[in-house]
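Inspection log for the structure reproduced underneath, given as structure tokens.
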Amino acid sequence: MKRRIVLTGAFIGMLAIIFGAFGAHLLKKYLAVEELNTFEVGVRYQMYHALFLLFLSTRKDIAEKTVKTIYNLVVAGVVLFSGSIYLLATKSLTVFDSKIIVFATPLGGFLLIIGWAVLFLTILRKKS
């Protein structure tokens with residue numbers, strides 16, 4: 001599981017760098033400032049959670065089942081949250097109907113929050 005978490009964190013982080021460069025250099029020509037700022041929010045949260053996964057992989061004091069739960073919440077959250085933000089920010093460039101994913105962003109954000117909460121509660125319950 002640790003290897004999968006590290007690989008996923010590295011991959012999500014790599015994609016965040018690629019999307020960030022894509023936004024800063026290519027999309028800058030085509031998107032309004034507000035759309036570009038929205039796109040950058042997706043990049044930022046994606047990178048935060050790539051680092052979160054790398055941190056999670058270092059924890060030896062958390063049960064495997066809990067680690068797996070946090071991993072699944074974070075990965076699904078990143079896909080839904082950042083993915084939907086990318087689509088919403090670039091909707092002026094595509095024929096994509098943004099109404100289809102109206103609930104993806106808040107659902108993804110909620111999954112990310114739950115992932116952090118599971119980690120928090122797990123550590124809180126541990127006796128030092």
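The first residue in the sequence is number 1, and the count goes up from there. All figures in this text were calculated on a predicted structure; none of them were measured in a lab.
A continuous path of hydrophobic side-chain contacts links Met1 to Ile12 [ILVMFWY only; heavy atoms under 4.5 Å]. Connection of Ile5 to Phe55 is established within a shared hydrophobic cluster, with ILVMFWY side chains joined at heavy-atom distances below 4.5 Å, either directly or through further cluster members. Cluster membership check: Val75 shares its hydrophobic cluster with Val118, using side-chain heavy-atom separations under 4.5 Å among Ile, Leu, Val, Met, Phe, Trp and Tyr. The cluster map of Ile, Leu, Val, Met, Phe, Trp and Tyr, joined by side-chain heavy atoms under 4.5 Å apart, puts Phe52 and Val41 in the same cluster. Under the 4.5 Å side-chain heavy-atom criterion for Ile, Leu, Val, Met, Phe, Trp and Tyr, Leu88 and Ile100 are members of the same hydrophobic cluster.
Atoms CG and NZ, from Leu26 and Lys28 in turn, are 12.0 Å apart once rounded to the nearest 0.5 Å. Residue Tyr86 holds its OH atom at 8.0 Å from CG of Leu15, rounded to the nearest 0.5 Å. For the atom pair CD of Glu40 and CD of Gln46, the computed distance is 13.5 Å after rounding to the nearest 0.5 Å. Remark: Ile114 CD1 to Leu119 CG distance equals 12.5 Å, nearest 0.5 Å. Distance check, rounded to the nearest 0.5 Å: CG of Leu56 to OG1 of Thr66 gives 10.0 Å. Taken to the nearest 0.5 Å, the CZ atom of Arg59 stands 9.5 Å off from the CD1 atom of Ile70.
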Ile123 and Ile62: CA distance, side-chain angles, deciding distance, side chain to side chain contact (heavy atoms under 4.5 Å, CB included) verdict:
CA-CA 8 Å; Ile123 300 298; Ile62 302 173; 4.1 Å; yes
Passes side chain to side chain contact (heavy atoms under 4.5 Å, CB included), Phe81 versus His49? Steps please.
CA-CA 11 Å; Phe81 184 81; His49 288 88; over 6 Å; no
Please report the C-alpha distance between Val74 and Trp116 in whole Å, then the side-chain angles of each, then the deciding distance to 0.1 Å, and finally whether the side chain to side chain contact (heavy atoms under 4.5 Å, CB included) criterion is met.
CA-CA 8 Å; Val74 169; Trp116 282 94; 5.8 Å; no
Stepwise side chain to side chain contact (heavy atoms under 4.5 Å, CB included) check, Leu73 with Leu112:
CA-CA 6 Å; Leu73 287 165; Leu112 294 172; over 6 Å; no
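Considering only heavy atoms from C-beta on, Lys2 stays 4.5 Å or farther from Thr58 through its side chain. For the pair Leu93 and Leu31, the minimum side-chain heavy-atom distance is below 4.5 Å. Using a 4.5 Å heavy-atom threshold, the side chains of Thr105 and Leu80 count as separate.
Judged by distance alone, with hydrogens and angles left aside, the side-chain atoms of Ser57 form a donor-acceptor pair with the main-chain N or O of Leu54 at under 3.5 Å. Judged by distance alone, with hydrogens and angles left aside, the side-chain atoms of Lys126 form a donor-acceptor pair with the main-chain N or O of Asp61 at under 3.5 Å. Not one N or O on the side chain of Ser82 forms a donor-acceptor pair closer than 3.5 Å with the backbone of Val79.
Under the ring pair (Phe, Tyr, Trp, His ring centres under 6.0 Å) criterion, Tyr48 pairs with Tyr45, not counting sequence neighbours.
Using the six-membered ring where Trp is involved, Phe22 and Phe39 have ring planes that are tilted, between 30° and 60° apart.
When all heavy atoms are compared, the tightest approach of Ala50 to Gly13 is CB-N, 3.4 Å.
For Glu35 and Ser92, the side-chain atoms include at least one donor-acceptor pair closer than 3.5 Å.
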